[in-house]
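Values below: every heavy atom of this structure, side chains too, minus hydrogens, waters and symmetry copies.
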Amino acid sequence: MKCKVCGANNEDYLEYCENCAAPLTPDEPEPEPAEDSYVASTGETPPAWGFVRAPQWPKPEFDANTVSEEDIPASYSSRFNPRPAQQQASAQQPAAPAPGEQGYSNNVRVHTPVQEPTPAFAAAEPEEELVRPYTPTRSANTTRVAKPSSVKKAAPLPKAPVEDTAADDFDDFDDFDDLEYNVKPSRSKKRGGTHSRNMLFIAAVAVLVVLIAVFAIIYLNRNFNGSVGAFFAYTFGGNPFPKPATITSTQMDSGAPAYIVTVYCKNNYTARFTSGETVREDIVGAHAKNCVAWRIPEEIFLPDAPIAESELHVKPAVVVISPNGKETPVEFEDEIVIQIPAIEMTVTSPTVSDFTTDTAVVPITGTVSDNTAGVYVNETQIPIDESGNFSTTYTLPEDGSYTVTIEARKNRYQTASQTFNITYGTGATQDPNGDNTTTPGTVEGNVAFSVNDSVARYATTSTMTVSGTMEAGAVISVSGVELEGDITQDATAGTFSFTVKTADVGLYPVVITATKDTAAKSSTLYLEHRPEKDSYMSGVHVLDYDRIKNYPEHDQGYKVTGRVVEIYQSSPFVTARIQTSAGDIVFSYYSGVSEVAVGDGKTYNLYADPAGTYTLADGSTLPLMHAWYILKDG
């Protein structure tokens, strides 16, 4: 019989489904098809809605009296073995007395009292086997099957005596209440289960501890550079810095070098960067948590002054300000190293760093690689031309030793500097030979040389030749002027000569240096290329005092008329002051060309060119002019 609930096939005599315990109802007889129906016309039966009718399998014809033990399939579960449980496997049970009308209900049999076994010799009839009570099965979703409301006993079926080999397997199913299925598997009762759970718990705790340690290390490395001390100082000690500030090289959008300065601090603090007039403030945490970063161009760190070193080591000036106003300087472990560009300077005169001279005026000439730089001689700036050339003189006040420093300076550039030690002496000194003879213009320990008196010191030609004598074994070098050809010298005879190019009108300071072993002596010879007298005098202008005062250097000759009121120097140049109706002027000329005197009552007419300014002792300045020709009245 097919179950209408689960579709399982059951035996015809059962009233409840073996699979789901649902009540079984017999199939209704199919009605005869109508003569004009689909079934009558085609001979096919369409499928019914719902459950499919069970196939009509052939049913074996047997009953309890004809079935033997061998007829039961081996795969048939002992759970549904119709044989009742027995105390002894080999004992035979006598037939049970016939129950009353209510002995059976449905297909479940209620146990009847077991009678005492009949002795073997007293058995007159074959034993009858009790029918085993039916035990319904359950579906997967059912944990317990309730008992039916009424139970009736089934009629006994005659059965041949069969040996019961599985009586013990059914001892637990004597009652309908014993049918109970536990969905969850029972837990192990062994001691090993508790031990395993303890080990799993310990392993889980160990893994958790390791994870906490790993995350703690990651947190310390990320926020405190791995320092536990920094963590406690930041958290409990009041230190606002979780880790040191950093400096990283970068570039501006224009490609100029720059640096990223990152300050790590507590949120809501104010970080302030200061460099000269540049001040920048940001609130920590406004753009990133616990830090503030600036991109600062390198030029901000360069001072607006010349720099003596080739490298500049600086640290940013940064402070952090707490919400209550307390300022804390930021300490940087790193520093910014800036390479400073250098100015190249070449001094062509003097030629040696330590020398002796017999003239008070020392010519200084040279070149610089940057014409925007300033050249200073003992802190006095001198002019340079567009090519970077410079030329001036330094006057030694009296006999003695002096230090002259020449420097080329430019803001934010490395200063080029060169120092000279000069010994100035004009008097006679002890002769090195020890014979108490004196040689004017020499100083003990230096090389002796002199220029011949026949040498013309001024002329109107484009070249001038110089000759002289020197100490045997000495070597002559010339600087400050351009030579025509090489120097001719005879170290054995102690003579030398050379030719100076004087193509343009002007004053040419020729620096002559004699060197022997480690001794050296330098002397300056001034050569004048004068303009042609008549043409020059006819081309000069009347004195324009305001112009020469406002423009101290320009190409124009002037006639200056006045009286000499003071003489500042007499050799190798005469430097004096003349008083004119427009104002005082300082003038100079080469010694020996002419002579001037103070308070002689004479009027002097100067034909001179502007030559710069002259600084007086009180710090004031006057226009300076070079006089080519000097004429006296009366």
Side-chain angles (χ1 to χ4, degrees), residues 347-366 377 391-404 406 418 420-432 438-458 464-483 486-491 493-500 502 507-528 569-575 588 590-593:
V347 177
T348 56
S349 178
T351 58
V352 291
S353 58
D354 299 305
F355 64 94
T356 300
T357 181
D358 55 2
T359 57
V361 179
V362 178
I364 297 175
T365 59
V377 177
S391 178
T392 188
T393 58
Y394 184 81
T395 303
L396 303 174
E398 59 185 8
D399 292 358
S401 298
Y402 299 91
T403 299
V404 177
I406 304 173
Q418 193 167 348
F420 298 90
N421 298 315
I422 304 174
T423 302
Y424 172 44
T426 58
T429 59
Q430 181 66 33
D431 186 79
T438 59
T439 304
T442 63
V443 179
E444 183 179 0
N446 290 279
V447 183
F449 75 93
S450 62
V451 176
N452 296 335
D453 294 336
S454 59
V455 173
R457 311 296 175 92
Y458 49 89
M464 300 177 71
T465 301
V466 178
S467 61
T469 60
M470 64 179 181
E471 186 177 328
V475 176
I476 296 296
S477 61
V478 178
S479 62
V481 292
E482 184 180 359
L483 300 180
D486 298 330
I487 301 173
T488 301
Q489 53 186 327
D490 189 341
T495 60
F496 67 89
S497 64
F498 55 87
T499 301
V500 180
T502 57
L507 184 67
Y508 294 85
V510 182
V511 181
I512 305 172
T513 302
T515 305
K516 183 179 180 180
D517 298 331
T518 58
K521 180 187 176 183
S522 177
S523 181
T524 303
L525 174 66
Y526 292 92
L527 302 178
E528 263 190 355
Q569 179 179 311
S570 59
S571 177
F573 279 90
V574 176
T575 304
S588 63
Y590 190 73
S591 177
V593 173

Hey, are the side chains of T465 and V455 touching, using non-hydrogen atoms and a 4.5 Å cut-off? no

Within this structure, what is the OG1-CZ distance for the pair T403 and F420, rounded to the nearest 0.5 Å? 11.5 Å

In terms of heavy-atom contacts, S523 and F449 come closest through CB-CZ, 3.5 Å

Using atom types as modelled and distance alone, determine if a side-chain donor or acceptor of T524 lies under 3.5 Å from a backbone N or O of P509. no

How about L483 and V478: do any of their side-chain heavy atoms sit closer than 4.5 Å? yes

Determine whether the side chains of T365 and T348 contain a donor N or O and an acceptor N or O closer than 3.5 Å. yes

Does the ring center of Y508 lie less than 6.0 Å from the ring center of Y526? no

Keeping the roles fixed (side chain from K516, backbone from A448), state whether a donor-acceptor pair exists under 3.5 Å. no

To the nearest 0.5 Å, tell me how far T392 OG1 sits from I364 CD1. 6.5 Å

When you compare the side chain of T393 with that of F573, does any pair of heavy atoms fall below 4.5 Å? no

Are any non-hydrogen side-chain atoms of T515 and V447 less than 4.5 angstrom apart? no

Return the minimal non-hydrogen interatomic distance between T395 and Q569, and the atom names on each side. CG2-OE1, 3.5 Å

Heavy atoms only: give me the nearest I476-M470 pair and the separation to one decimal. CG1-SD, 3.3 Å

Counting only N and O atoms by type, is there a donor-acceptor contact under 3.5 Å from the side chain of Q418 to the main-chain atoms of I406? no

Contact between R457 and L525 at the side-chain level, heavy atoms closer than 4.5 Å - yes or no? yes

How long is the gap from OG on S401 to OH on Y424, to the nearest 0.5 Å? 13.0 Å

Does the side chain of V362 come within less than 4.5 Å of P350's, by heavy atoms? yes

For residues S349 and P363, report the shortest heavy-atom separation together with the two atoms involved. OG-O, 3.1 Å

Minimum heavy-atom distance K521-T356, with the two atoms named: CG-O, 3.1 Å

Atom CZ in F496, atom CG in D490: separation rounded to 0.5 Å? 12.5 Å

For residues F355 and T513, determine if any side-chain heavy atom of one lies less than 4.5 Å from a side-chain heavy atom of the other. no

Drop me the distance from Y590's OH to E528's CD, to the nearest 0.5 angstrom. 8.5 Å

Let me confirm one number: the CE-CG distance from M464 to L527, rounded to the nearest 0.5 Å. 4.5 Å

Distance only, no hydrogens: is a donor on one side chain within 3.5 Å (strictly under) of an acceptor on the other, for S588 and T575? no

